[in-house]
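Index from 1, following the sequence.
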Amino acid sequence: MVAAGIPFLGSLVIISPKRSYSNSISRERRFAAGKKLANIGGGIINTRIRAMPSSSSVIPGEQNGTYRNLKLTESTFLASLMPKKEIAADRFIEAHPNFDGRGVTIAIFDSGVDPAADGLQVTSDGKPKILDVIDCTGSGDVDTSTVVKADADGCIRGASGASLVVNSSWKNPTGEWHVGYKLVYELFTDTLTTRLKKERKKRWDEKQQEAITEAVKQLDDFEKRHSKVEDANLKRAYEDLKNRVGVLRKQAESYDDKGPVIDAVVWHDGESWRAALDTQSLEDEPGVGKLSDFTPLTNYRKERKYGVFSKLDACTFVLNVFDEGNVLSIVTDSSPHGTHVAGITAAFHSEEPLLNGVAPGAQLISCKIGDSRLGSMETGTGLVRAAIAAVEHKCDLINMSYGEPTLLPDYGRFVDLMVNKYRIVFVSSAGNNGPALSTVGSPGGTTSSIIGIGAYVSPAMAAGAHSVVEAPSEGLEYTWSSRGPTVDGDLGVSVSAPGGAVSPVPTWTLQRRMLMNGTSMSSPSACGGIALLISAMKSEGIPVSPYSVRRAIENTCTPIGDLPEDKLSSGQGLMQVDKAYDYIQKDHSMPSVWYQIKINQASKTSPISRGIYLRESSVCQQSTEWTVQVEPKFHEDASNLEQLVPFEESIEIHSTNEAVVRAPEYILLTHNGRTFNIIVDPTNLSEGLHYYEVYGIDCKAPWRGPLFRIPVTITKPKAVMNQPPRILYQGMSFWPGHIERRYIEVPAGATWVEAAMRTSGFDTARRFFVDAVQISPLRRPMKWESVITFSSPSVKSFAFRVEGGQTLELAIAQFWSSGIGSHESTIVDFEIGFHGINTIQNEVLLDGSEAPIRIDAEGLLSAEKLVPSAKLNKLRVPYRPIDAKVSALSTDRDKLPSGKQILALLLTYKFKLDDASEIKPQIPLLNNRIYDNKFESQFYMISDSNKRVYAVGDVYPNSVKLPKGDYNLQLLLRHDNLEYLEKMKGLLLFVERKLEEKEVIRLNFYSQPDGPVTDNGSFKSSTLIPGLKESFYVAPPGKDKLPKNTPAGSVLIGEISYGRISSAISENGKAADKAPTYPLSYIIPPPKQDEDKGKGSPASCSKSVSECLEEEVRAAKIKVLDSLKQSSEEEISEWKKLSSSLKSEYPKYTPLLAKILEALLSWSNVEDKIQYYKEIIGAADEVVESVDRDALAKYFCVKSDPEDEDEKLKKEMETTREQLAEALYQKGLALVEIETLKGDGDVPQTEAQLDPFEENFKELKKWADVKSSKYGILSVMRERRGRRLGTALKVLNDITQNDDGPPKKKLYELKLSLLDEIGWAHVLSHEKEWMLVRFPPRLPLF
């Protein structure tokens, strides 16, 4: 795929016993919820991926897939499900059965491999298949730094709060148990979670129905017993029964399953760290899943054991302990993708060898780089840890079926760590973003040291795995397979391999295997083929070098297609294992060298490229001279005297077309390299795509084939000369897999295209991919793409943005399997019209002043309707860190092979939302770059004051809806260079808030500079005449329109457009496509000085000097009292003395008495609690008695004119009322506590029995809303005292729902106790699971 970190998959087909079906995944990548599986390898997850595509290339020769009238047998059908014949792997193993991957270790950088999956237990020679299973992302990490000891009964308190019984047979010399917990859904994929939620909801509904049935029955029985309900107590009881029914129904409506919680325990048995899980919450049967019944596991690499959470989920997991027992890694896969990839590479099925992977004798290391928290998107942390693990395990090969587009090829932290080091052969998918050129992804298609693999489909695969009605007569590249060249001219695709397979998948999918296709599948196919070669080399004592292996496979491929430019699709062709093996046997005595190519245009020092890519019109109209530097690169351990000094090769230089590309005939190449010039003359070429190569042949061993290649790609565009600028391609014929490419010089001044595609001449439905690509320096290729299905001959219209003066590639492809069996070609007419409105500003910035911005617009191509439109719909508020800490990470996972320790910088930001909002964090320096980024992590967490995590993200931040409140955002950056991290300590972060529709600001336009002030000269629209400019002003927003409480320096952002699409419609029948929009921003200015500031302020003191002095002295004494600490008995004694003295001095001064009550409430660790609560009651009574309640009531009963109101008096009276209400509230709570401590739960039922609580409650009702979030607990307590638990729950639910602040833990703890009392066990269990979501004890690990 071409999204950050997504596996490269084309489409997904699930095999069932009777039939198969294809679920095509949309092409456009999505970053929501972080969900990403590479579009560069095979992936099923949340990215628009093209399903089962192909190219127009042909492979001659029956041995590689050319079939006429193909008929499958059962054996050929099974063989087609796991294709090996295409790359000659089957013939190679038949000839060399012991070279089937034995002795080779392959690291699978992917979404994780299930060690329980079919075919992944042992190798063909009986060795363990999977040597280690590692979660490199940290998504399964559990904080187990809390240490507890068991009590006399062998029980410990788990991190979730549960009491856990430790198995007495477990050895633990220290007696120390590390505990942690995990919300299990955090370990599962969305698919598995959805399945479990359905099952759990079904069981919950059953219990819910039982509870509702019982509640309704009790209500019905009550109504039968009491025909009239007049007694107050009966009314309350009746209301309680109704509330029970109501609460249960609302509980069902608001049901949201956050999943079970599992407790984890880690300990050292004297030899190894071991871990166990308590999974009772996943089981239905009581007692199943207990901690004491768990078979302890240690790190997988030691004993190679795994567990399954429960029969219901059927999800395999592995446990690894790090950091001296303080971190437990629970490893699960983040999608079926990684297991599928591993199966293609090396699965072994003793009973059905036809379903074996390509190298069944190889062993695997599973390095999970797809983060479960981000929907399987890879992270920099995951990539670096995987690289460390691959070196640590001395892997021979790496397969990585992930990737994305990149700004810069051969650049970034990951590339720096992996390039040419450690003699590991690195294979990766090229991407699924074809059929347009320059769509290869990183790292597979853009990194010199990585072998990038394209995706090929053979007739047998089409007939068997894809079950098409009629197989194509020849093999071809999948339509969606990404194409080269890279933006710096390198070929991009090295070789091709089968891009689809039916391979093992994790057990939680509830099936053994499934079909996936994509370059995610071709990469492990090629990787398995290379494993066969390395297996042979090791067995025969031939030194293994990534350089010699790559040269062998590239120089022995079977070409796909007859045209030179077909190499841009398939690389050197379809790899052939047997021929590569023959090559290696002859070549092993030759130097192991990689020939690094650096090219720059003569007389220019930059940019440096790896090939020559002439794409724009200007460079296609003249000859150009290029300087080529060829520099042999040896492995880092090469000997100076034995290898570097003697190295000398006579190279004969060849050009595939000397009329276009001229080069010298020979060079003498030594270790220090050689430069030479070549001349490219495209002036006589026809319009369209042309591909050539300059390559070097060893004069003494020409059989070696090209030692290096210099790709030369020329896309000579067609100039659009007519006016208005339109171009029509008529009568193009298409058949399955056919691609037509057109190159157009976009007219200067064009900003968008309106296009129409007309089809005819076919019967069955046809599916087309349409790509439009332009390339600019230091930008990802600008690509518009669409998948269009024509059910019958018709016309489809669309519009997309372009940049004037640059070459546009238009690639139209009929999907490789679309129309198969029809035998009728599709005729396509494609018309393009160019439009443009040009302005000087590509981005409009309003600086916060009242001045408007003048826009000069012109239409250079044709008359255009000028209809400006502008809106500001997002607010970006800048933040600097409030805290920055650098720390060294654990050596277990974060120490580089070089010995350098990776460091972490943790930045903490604080922000506040006054209302519920949708926000997105933005880090301009780092976002949107994984592979072309020098920092290996930018992971963030957003949490509230309760430590509840609302969102996590990395390179591609997602929007998240947050309730009102205060938030922390923690950002983790990683690098081994301390200096780099120190520079990032003040890193600026924006919190971008999406404005509500009512807040969106639409700007006005004027024809006069004073228009915003005079409101004259409004500008609506005009018609632009070519060659004439027209100017207008865009006005800044009115200050009354700005979001409230926005700090100065914040930026409102939005978009501005100038034109209107005339005829375009969107694919899905939605609103017409818009004309291009451009960034618009407005800097929030400093606020105006409040003109009314100081007006109406009261005099400093209207009393006499002595009275004012007395008030000041009293306030000072109370302040001193308030400042006294009360943490020890001595300090409390001093406080009591002073408070007693002040009370005697100011006996009826309410503020003093309220402060004394407040201080009492802050005491903790009180031994005599009954006496303590009596003191609180006494202090509360003193506050109540100090208040003149009659005067207070009279004040609030009399309505006064606000203009005549004494503000000072009003404030004093409101404060007094609050102090009175607080005293009554605290007294009520203390009365309940005393009742609880005494065990006196009987509530007086007659008026003769005075109830202090009820009397107090009645008084509180006079002064406060007893159902508010502040005082509502007392209402709940009142109902609870009367055993009206249904009403108590209703009141409590109303309080929590209406409270717009962060959740209060004491309210939810109260709810748990009420649910326990009422006996609704299923609701109680559900709410307990939510407690660890709302109120986690600490933040999770990064």
Beyond-backbone contact of [X] with [Y], side-chain heavy atoms, under 4.5 angstrom:
X     : Y     : result
L969  : M941  : no
V1183 : L1220 : no
N1293 : K1311 : yes
D1294 : K1267 : no
Y1146 : I1118 : no
K1174 : I1170 : yes
E1167 : Y1172 : no
E223  : Y238  : yes

Can [X] and [Y] be counted as having a side-chain donor-acceptor contact under 3.5 angstrom?
X     : Y     : value
W1135 : E1131 : no
R1338 : S145  : no
N243  : T1287 : yes

Distance in Å, [X] [atom1] paired with [Y] [atom2], rounded so as to fall on 0.5 Å steps:
X     : Y     : atom1 : atom2 : value
L1152 : E1182 : CG    : CD    : 9.5 Å
E1111 : S1106 : CD    : OG    : 10.0 Å
K1227 : I1176 : NZ    : CD1   : 13.0 Å
K1044 : T1046 : NZ    : OG1   : 11.0 Å
L1153 : K1148 : CG    : NZ    : 8.0 Å
D151  : S163  : CG    : OG    : 7.0 Å

Side chain T1215, main chain K1211, donor-acceptor under 3.5 Å: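 Such a contact is found between T1215 side chain and K1211 backbone.
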Could you check whether atom CD of E1214 has more than 12 heavy atoms from other residues, nucleotides or ligands sitting under 6.0 Å from it?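 It does: E1214 CD has more than 12 such atoms within range.
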Can you confirm whether Q1171 is buried at CD, in the sense that more than 12 heavy atoms of other residues, nucleotides or ligands lie under 6.0 Å from that atom?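 Yes - once you tally the heavy atoms of other residues, nucleotides and ligands closer than 6.0 Å, there are more than 12.
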Is [X] salt-bridged to [Y], going by a charged N under 4.0 Å from an acidic O?
X     : Y     : result
D966  : K910  : no
K1262 : E1259 : yes
R1334 : E1327 : yes
E1279 : K1290 : no
D1299 : K1304 : yes
E996  : K961  : yes
D240  : R244  : yes
E239  : K242  : yes
R1281 : D1251 : yes

Nearest heavy atoms of [X] and [Y], plus distance in Å:
X     : Y     : answer
V247  : G1286 : CG2-O, 3.8 Å
G1272 : V1291 : O-CG1, 4.3 Å
S281  : V261  : OG-O, 2.7 Å

Partner set under salt bridge (Lys or Arg N to Asp or Glu O under 4.0 Å) for K1117, not counting sequence neighbours: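 Applying salt bridge (Lys or Arg N to Asp or Glu O under 4.0 Å) to K1117 gives E1145.
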Does the pair D883 and Y909 meet the rule for a side chain to side chain contact (heavy atoms under 4.5 Å, CB included), with working shown? CA-CA 7 Å; D883 189 38; Y909 302 82; over 6 Å; no
Fit a plane to each ring of F911 and Y967, take the angle between them on a 0 to 90° scale, and name the class: parallel (under 30°), tilted (30 to 60°) or perpendicular (over 60°).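 Rings of F911 and Y967: parallel, as their planes differ by under 30°.
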Using the six-membered ring wherever Trp is involved, compare the ring planes of F222 and H226 and label them parallel, tilted or perpendicular (cut-offs 30° and 60°).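 Tilted.
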Stepwise side chain to side chain contact (heavy atoms under 4.5 Å, CB included) check, V245 with L241: CA-CA 7 Å; V245 176; L241 291 174; over 6 Å; no
